Amino acid sequence: MWFWFSLIALICWSGSDLFSKIGCQDADDKYSHLKMVIAVGVVMGLHAAYEIFIGGVEISWSVIWTYLPVSLLYILSMAIGYIGLRYIELSISSPICNSSGALVAIMCLIFGGIGELAGAQLIATALVCIGVIGLGFVEAHEDEELRAARQKASNHHYAKSALALILPIIYCLLDALGTFADSRVLETLDEDSANCAYELTFLFAAVVCLVYVLLIKRDRLIPKREAPKYAGAIFETAGQFAYIYALADTDHVALAAPIISAYCVASVLWSRLFLKEKLSWKHYAMIALVVVGIVILGIFDA
């Protein structure tokens, strides 16, 4: 079953990318990122309730407080990622966001020394860094007429902007910090309890955002616009569920990890098919470097 759970995680997380992009790309909805946080928080809160009251997972305030720094890093990174989806193609954003594994590897070098990483991991980290920097270079130097021409058939047009690249990079940095902290905190916490603590914290963040958007800013939730957000939230939560079960089969972790880590490839495919995004060959060359690096890191992470 590990193979099917791995594929489900890949499809669900790439589906989350797609629907989150659709839900957050409207330029006239300046609170779309907060509404996306609301959607994810509601769905994760429901899943946490199922795990606690039906699945029997133990949770306490002590666990929630212990895991809180990790939860906040993950939630903040996702909120910033949702903002970034308004300014850049998903085809570019997803590979950058998924480069957090390379930053975790760099943190391991800083805090643990080069001995913790194999040669292939160092090469993979270099490929990811080169790819991300290369994407920034390609974006910054692309001719405006060429940009307009390739975006002509897409559902959304984007102007050249430093913010467009900075936001997914900030997501990548915060997610990497969360992952690094996660690896340390989980040495003392049960994984199921920690996951429920994360989901309950996300639910609290959703309530805060709901109060801010509806009561303070007097904005509205339009069902037609909210539907993609909740679809993305469901895919996000389902992907996390499948991910846990895929890696639970310890005999096949070495095969499951690279399959799941390559979900940004599917995100690029969906963006091409459904959002009509079209990149230059230089973009795809840099994305290929990032994806290869991510897959190698996924293999050795096992």
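Keep in mind that this is a model prediction, so the values were computed, not measured.
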In terms of heavy-atom contacts, V43 and A233 come closest through CG2-CB, 3.7 Å
W61 reachable from L68 in the ILVMFWY side-chain graph, under 4.5 Å edges
yes
So does E89 get a backbone contact from the side chain of S93, meaning a donor-acceptor N/O pair under 3.5 Å?
no
Kindly compute the distance separating CG (L174) from CD1 (I169), expressed to the nearest 0.5 Å.
12.0 Å
Flag, side chain of S193 to backbone of E58, donor-acceptor distance under 3.5 Å
yes
Is L72 reachable from V37 through a run of hydrophobic residues whose side-chain heavy atoms are each under 4.5 Å from the next?
yes
I130 and M286: which non-hydrogen atoms are nearest, and at how many Å?
O-SD, 4.3 Å
Given the rule in the side-chain contact (heavy atoms from CB on, under 4.5 Å) test, do L85 and L90 qualify, once you have shown the distances and angles that lead to the verdict?
CA-CA 7 Å; L85 290 175; L90 177 62; 4.1 Å; yes
State the SG-CG distance between C97 and D17, to the nearest 0.5 angstrom.
7.5 Å
Apply salt bridge (Lys or Arg N to Asp or Glu O under 4.0 Å) to the pair D28 and R86, showing each step before the final yes or no.
CA-CA 10 Å; D28 61 337; R86 298 211 302 259; over 6 Å; no
Given 3.5 Å as the limit, does a donor-acceptor pair link the side chain of K217 with the main chain of L214, or not?
no
Hey, what do you get for CG (L7) to SG (C12), rounding to the nearest 0.5 Å?
10.5 Å
Single-linkage hydrophobic cluster, 4.5 Å side-chain cutoff, V63 and L200 together
yes
Do K229 and S20 make a side-chain contact, defined as non-hydrogen atoms from C-beta onward lying under 4.5 Å apart?
no
dist F53:CZ -> I59:CD1 (nearest 0.5 Å) comes out at 11.0 Å
CD1 (I166) and CD1 (I96) are apart, to the nearest 0.5 Å, by 11.0 Å
Taking the inter-plane angle between the rings of Y263 and W13 on a 0 to 90° scale, is it parallel (under 30°), tilted (30 to 60°) or perpendicular (over 60°)?
tilted
Would T201 and Y67 satisfy side-chain contact (heavy atoms from CB on, under 4.5 Å), going step by step from the backbone distance to the final call?
CA-CA 9 Å; T201 304; Y67 201 68; over 6 Å; no
Minimum heavy-atom separation for N195 to H47, with atom names?
ND2-CE1, 4.4 Å
Do the rings of F202 and Y198 sit parallel, tilted or perpendicular, given the 30° and 60° boundaries?
perpendicular
For G232, is there any backbone N or O sitting under 3.5 Å from a side-chain donor or acceptor partner on S16?
yes
Report yes or no: does S77 contribute a side-chain atom to a donor-acceptor pair with the main-chain N or O of Y74 at less than 3.5 Å?
yes
Counting C-beta onward and ignoring hydrogens, is there a side-chain heavy-atom pair between L34 and L210 closer than 4.5 Å?
no
Test item: V290 and L127 side chains (from C-beta on) under 4.5 Å apart, heavy atoms:
no
Side-chain donor or acceptor of K35 paired with backbone N/O of R220 under 3.5 Å:
yes
Euclidean distance, I11 CD1 relative to W4 CH2, rounded to 0.5 Å:
9.0 Å
Using 4.0 Å as the upper bound for N to carboxylate O, is an ion pair formed by K30 and D219?
no
Measure the shortest side-chain to side-chain distance between F241 and I8 over non-hydrogen atoms and say whether it is less than 4.5 angstrom.
no
Less than 4.5 Å apart, side chain to side chain, heavy atoms only: is that true for S267 and L18?
no
Is V208 linked to V211 within one hydrophobic cluster, defined over Ile, Leu, Val, Met, Phe, Trp and Tyr using a side-chain heavy-atom separation of less than 4.5 Å?
no
Provide the closest heavy-atom pair for I38 versus C209 in the form atom of the first, atom of the second, distance.
CG1-CB, 3.7 Å
Applying side-chain contact (heavy atoms from CB on, under 4.5 Å) to E236 and M44, what does each step give before you reach the verdict?
CA-CA 9 Å; E236 177 70 29; M44 285 195 172; 4.1 Å; yes
Hydrophobic clusters here meaning ILVMFWY residues chained together by side-chain heavy-atom distances under 4.5 Å, can you tell me if L203 and V213 are in one?
no
Could you tell me whether a side-chain N or O of S271 sits under 3.5 Å from a main-chain N or O of V268, the two making a donor and an acceptor?
yes
Dump the intermediate steps for side-chain contact (heavy atoms from CB on, under 4.5 Å) on Y82 and S32, then the final yes or no.
CA-CA 8 Å; Y82 296 144; S32 61; over 6 Å; no
Tell me if the CZ atom of F204 is crowded by more than 12 foreign heavy atoms within 6.0 Å.
no
